[in-house]
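Not measured: the values here are computed from a predicted model. Throughout, protein chains are lettered first and strands after them, A, B, ... in sequence-line order, and every chain is numbered starting at 1.
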Amino acid sequence: MTIKYQPKEFEAKWREKWKTEGLYGTPLRSLNQRATLGAGKKKFYTLVELPYTSGDLHVGHWFSFTIPDILARFKRMSGFNVFYPIGYDAFGLPAENAAIKHNIHPKDWTLKNVEVMTKQFQTMGTMLNNWEDVVVTCFPEYYRWNQWIFLKMYERGLAYRGKALSNWCPSCQTVLANENIEMGKCWRCGTEVVQKEVEQWFLRITKYADRLLWARNPQGSGNANGVDWPKQVQVGQNNWIGKKEGINITYKVISNKDGSPEILSQLNSLSFRTLGQSKSDKKVNRKSFPQDQLKHPVSKNLGSPSIKVIDEITCFTTTPVNFGATFLVLAPEHPFVKKILTSKIKSDKTNFEKIIKYVEHSNKMTEEQRKIAEKDKTGVFTSFYAINHVTGKPIPIWISDFVLMNVGTGAVQGCPGHDYRDFEFAKKFGIPIPRVVTGPNGEKGPIEKKEDVVEHGGVMVNSDFLNGIPFSEAMQMTMDYFKEKGWGKRVVTYHLRDWSISRQRYWGTPVPMINCPNCGIVSVPEKDLPVELPYVVDFMPKGKPPLATNEKWMNVKCPNCGAKAKRDPETLDTFFDSAWYWYRYVSPHYSNGPFDKLRVNHLTPVDVYFGGSEHTLGHTMYARFFTKFFRDLGLVDYEEFALKRIQHGVVLGPDGNRMSKSKGNVINPDDVVAEYGTDTVRMYLCFMMPYEATGPWSDKTIQGVHRFLNRVWRMFQIYQINQKTENGSQNIRKSDKSDIQFSRFHPPSSSFSENKQLIAKLNKTIQKVTNDIEKIKMNTAIAAMMEFINAWEEIMQKLEGKRLRSQFGEEVKNEVKEKTHTSSPLNKTGIQTQLPLTISHAKDFLKILSPFAPHMTEEIWRNVFGEKESIHLSEWPKAKELVTETVTIPVQVNGKVRDLLIVNSELLIDEKKVTDLALKSEKVKKYLEGKKYKIIYVKGKILNLVVS
RNA sequence: GCCUGGGUGGCGGAAUUGGCAUACGCGCAGGACUUAAAAUCCUGUGGUCGCAUAGACCGUGAGGGUCCGAGUCCCUCCUCAGGCACCA
């Protein structure tokens, strides 16, 4: 062992040793042998989102795996049976893109990456413990169970064939992922991408919408659904599910008897009852509707010989402010629009031209583009009118792309006085904007500016029988009223849509279905699983899915009737693969089902699930969905698969930008490991920022933790108890001056003179580190250990200094100077160093550092202290409650700190004594000067004297 | 736009949840050791005014409020980052 901290000399050695000693062997094997799985230690399942097989491991992977590794190691030392596995998410588009671009088969590309990444992962020194049984989602052994799950869903009606809008390249004849669209054009051929309805497989996740909602725990523990997940996820998912209670209102669309739309003049000539006269502020009883008050002329008009009802349009709304509804807007894909386009319903000629143009234009835009609000509202008039039920007036029907077909009913009623979006639309197209709700200060004037719009709250006005009723109550009344009148139906809608899972791609799980000319869609029988992905296909897009190019694979016999049939050439979304993988981790080679129920019962739910915040809405929700489905199958007996979720941030490049090859700001972990060693990189990733934060890599700050490890390393040289130094300092290199300088802490023999203060500090540090690891605050845990080393060094220096002074008087300085010049100064002085910590104390400190710096601590543990068994199998130290003799109490006068009192612990209870002590202080006296004052004393914390 | 989370020294960030703001680290300045540099070690380091290791005042995005006491709680505003389903 050399004095200088040179991690390269031992890090690889220990990793090798740990492997041969089976230190991180998977606990799964022993599970098999155990008679009862529940016996023995408590389990702790630490899970990190499985990495995608992109090739190079980057420093972000280190970040996401190192922090959980520290928790896992800590838990193991604390007596848990820890399961900390890994696997690879191996299917997906990038593999196929690489294939297209570089002419490598996706499988070869992926497997090569698995190999490279595994090597890199292993230099991280994590205790990941399933390398022999690593799960790779592109192996048939794995995706076989994807297919099994799909079939189970199909059996239960949860998987179905449906249509959805997709990005479509008309030239390549294929569906494109968003990432394959550049400036609205296909990445390969540059053709303009359009939205096209494509038939595909869906999972009925909407059936689980209510179960996926996060409900606050009534006990107010902060937990929801019995588990501890970030609020960000709970709120985000609930918004995404978007449960809304409202009403579907059906409007009658009218035209002339001959079908021509120009009826406005006729309508105008009809007499309408004037509504909207305020009926005082008298409250209306909810229960009694003014059944007969609204005898407006609608029904009469509808009976008019010149007008007929040609269609109905249903609008969904949560806020039926219907006295203020002055128009309807349809999505460009709305069936009514289709009827106009196909001339089933004839609109005015000039409008017809405009409508065709408008719809064409909006088809080209992706939904995402359409959602970007705040741009100018656009739209065309259909030339038709609907009748507002409560005002009896005809209101124009428009088409606009701000209305999305798959939200609600694809048609909205415009109430411009109480909705900003409707207001803008009405303003732009000159549609009336009546006020039906008072403003925050009771305003009743006309609505002219955006600021006048009232979206929530207020009291109804100009609304006939609703006048004077508060907004939300009035909405409920309106809904009840419409329901009673048969004009609408109360409905619950969800923003969540069914999950489209089929991809017209090669590199994924084949959909285990067969299209038979006689029987239609037929499941592949369970016994025939897996439907293996054929190696030979043409994965250049040519108007059909790549799998369809392998005739041999495509042609099968129908399992039902034996007729010639075709396989489904589509593959499953990779989110399907990752929606249940942690169950497979538990029994990676199990062949009687997706997983071994017995093991799953023992090891799950997952105790902590680490991952990126980018999966707030996608992956984690699908994973929860699958868990609930598994519960319904009787495979698990809980609703939530992870008891706790922690989401990490991103390590940015040194320039503060996201790391990317093109920017040249990528930190390659291999490089930094070569420079500082694994332990330093691990420590730095913990120390640089909180786990949830996002921030830049710093080449400077990493040197700080390296220095820290260096100091720890050197400190432990004192405990070099196998007396190497007795035989001279042959291990000290003469050229290495810094080592020699350090050697003033390096005595030939030592005695212990325990320092109470330092031992109290050690216990505090153990406590702090223990708490911080539990809370995943690794940065402050390291800070605490740094503080401890600072204190330790300081005391060592004092001991050293004291002794030197007493022995050599004023010549200390020269002595020290001389020491640094000689190669074996200690022999010369023959100093006996007093150590403030015993070996067992020192070991405790080493233990709490070991999850962070596993290699260095192991080296010291075994080589300095001569331990036979790994430090990582040792027991986590327990902090002792040590009562410190004195406590510092700040004394404030009028809230400003004026002095610090050092008070004996026993006196803390006694307010009088503490106050008396404070009053003796000159610094405090000065501010009191015989004035009257009030005493506020918080025991053991602070004393505040308030002068009036 | 909506939602979520932030704004604290030159920088990354602490602060037992209302009790000494700036722990720990980086950087910087000075010193020791070196022919020199690197490395290492020591000292200092929020701002303003002081001969100052005397002291005073000001300081946690802005403004107001509650309180003996506010980075922390309340109100109004400014601002930044992330998310908003065929992306791993």
Worksheet item: Is the glycosidic angle of B:G50 within 90° of 0, making it syn, or outside that range, making it anti?
Response: syn
Worksheet entry | Closest to side chain of A:His615, choosing from B:A15, B:A14, B:A88 | B:A88
Worksheet item: Looking across every strand, which nucleic acid part, if any, lies under 4.0 Å from A:Thr701 by heavy atom: base, sugar-phosphate, or nothing?
Response: sugar-phosphate
Discussion item. For a quick check of understanding: with a heavy-atom distance under 4.0 Å over all strands, which category does A:Thr53 fall into, base, sugar-phosphate or nothing?
Written reply: nothing
Practice prompt. Would you please classify the geometry between the A:Phe575 ring and the A:His615 ring as parallel, tilted or perpendicular, with 30° and 60° separating the classes?
Written response: perpendicular
Fill in: Ring centers of A:Tyr142, A:Tyr581 separated by less than 6.0 Å
no
Worksheet item: Considering Watson-Crick and G-U wobble pairs with both distances under 3.5 Å, what does B:A81 pair with?
Response: B:U4
Discussion item. Students often get this wrong, so: under 4.0 angstrom with heavy atoms, is A:Ser698 touching a base, only sugar-phosphate, or nothing?
Written reply: nothing
Worksheet item: NA contact type, A:Asn790, heavy-atom cut-off 4.0 Å: base, sugar-phosphate, or nothing?
Response: sugar-phosphate
Discussion item. Using the side-chain heavy atoms of A:Arg707, tell me which of these nucleotides is nearest: B:G27, B:G5, B:C24.
Written reply: B:G27
Worksheet item: Looking at the rings of A:Tyr160 and A:Trp201, which for Trp means the six-membered one, are their centres under 6.0 Å apart?
Response: no
Practice prompt. Kindly point out which of B:G13, B:C3, B:C20 is positioned nearest to the side chain of A:Ala693?
Written response: B:G13
Worksheet item: A:His648 side chain to A:Glu692 main-chain N or O, any donor-acceptor pair under 3.5 Å?
Response: no
Practice prompt. Report which part of the nucleic acid A:Gln892 touches: base, sugar-phosphate, or nothing (heavy-atom distance under 4.0 Å, all strands).
Written response: base
Discussion item. By nearest atom, which of the nucleotides B:A88, B:C20, B:U4 is closest to the A:Phe575 side chain?
Written reply: B:A88
Item to complete: Could you work out which one of B:A85, B:G19, B:C20 sits closest to the side chain of A:Trp240?
Response: B:A85
Response to the item:
In Watson-Crick or G-U wobble terms, with both distances under 3.5 Å, the base opposite B:U66 is none
Worksheet item: From the list B:G13, B:A15, B:A88, which nucleotide is the closest neighbour of the side chain of A:Lys777?
Response: B:A15
Worksheet, complete the sentence: From the candidates B:A85, B:A88, B:G5, the one with an atom nearest any side-chain atom of A:Arg497 is B:A85
Worksheet entry | B:G65 glycosidic torsion: syn (within 90° of 0) vs anti | anti
Discussion item. Applying the Watson-Crick and G-U wobble criteria at under 3.5 Å, what pairs with B:U48? Answer none if nothing qualifies.
Written reply: B:A56
Practice prompt. From the options B:C24, B:G19, B:C84, select the nucleotide whose nearest atom is closest to the side chain of A:Val938.
Written response: B:G19
Worksheet, complete the sentence: In Watson-Crick or G-U wobble terms, with both distances under 3.5 Å, the base opposite B:A21 is none
Practice prompt. Would you indicate what A:Val897 reaches in the nucleic acid, counting non-hydrogen atoms under 4.0 angstrom: base, sugar-phosphate, or nothing?
Written response: sugar-phosphate
Discussion item. Quick check: on RNA chain B, is the nucleotide nearest A:Thr694 upstream (toward 5') of the one nearest A:Ile782, or the reverse? Name the residue that is more 5'.
Written reply: A:Thr694
Practice prompt. Just compare B:G13, B:A23, B:G69 and give me whichever is closest to any side-chain atom of A:Asn944.
Written response: B:G69
Item to complete: Could you tell me the separation between the CG atom of A:Asn790 and the CZ atom of A:Arg711, rounded to the nearest 0.5 Å?
Response: 4.5 Å
Fill in: Enclosure of A:Arg658 CZ (heavy-atom neighbours >12, cutoff 6.0 Å)
no
Discussion item. At 4.0 Å (heavy atoms only), tell me whether A:Pro690 reaches a base, stays on the sugar-phosphate, or touches nothing.
Written reply: sugar-phosphate
Discussion item. Looking only at the side chain of A:Met786 (C-beta and beyond, no hydrogens), which of the listed nucleotides B:G13, B:C3, B:G25 gets closest?
Written reply: B:G25
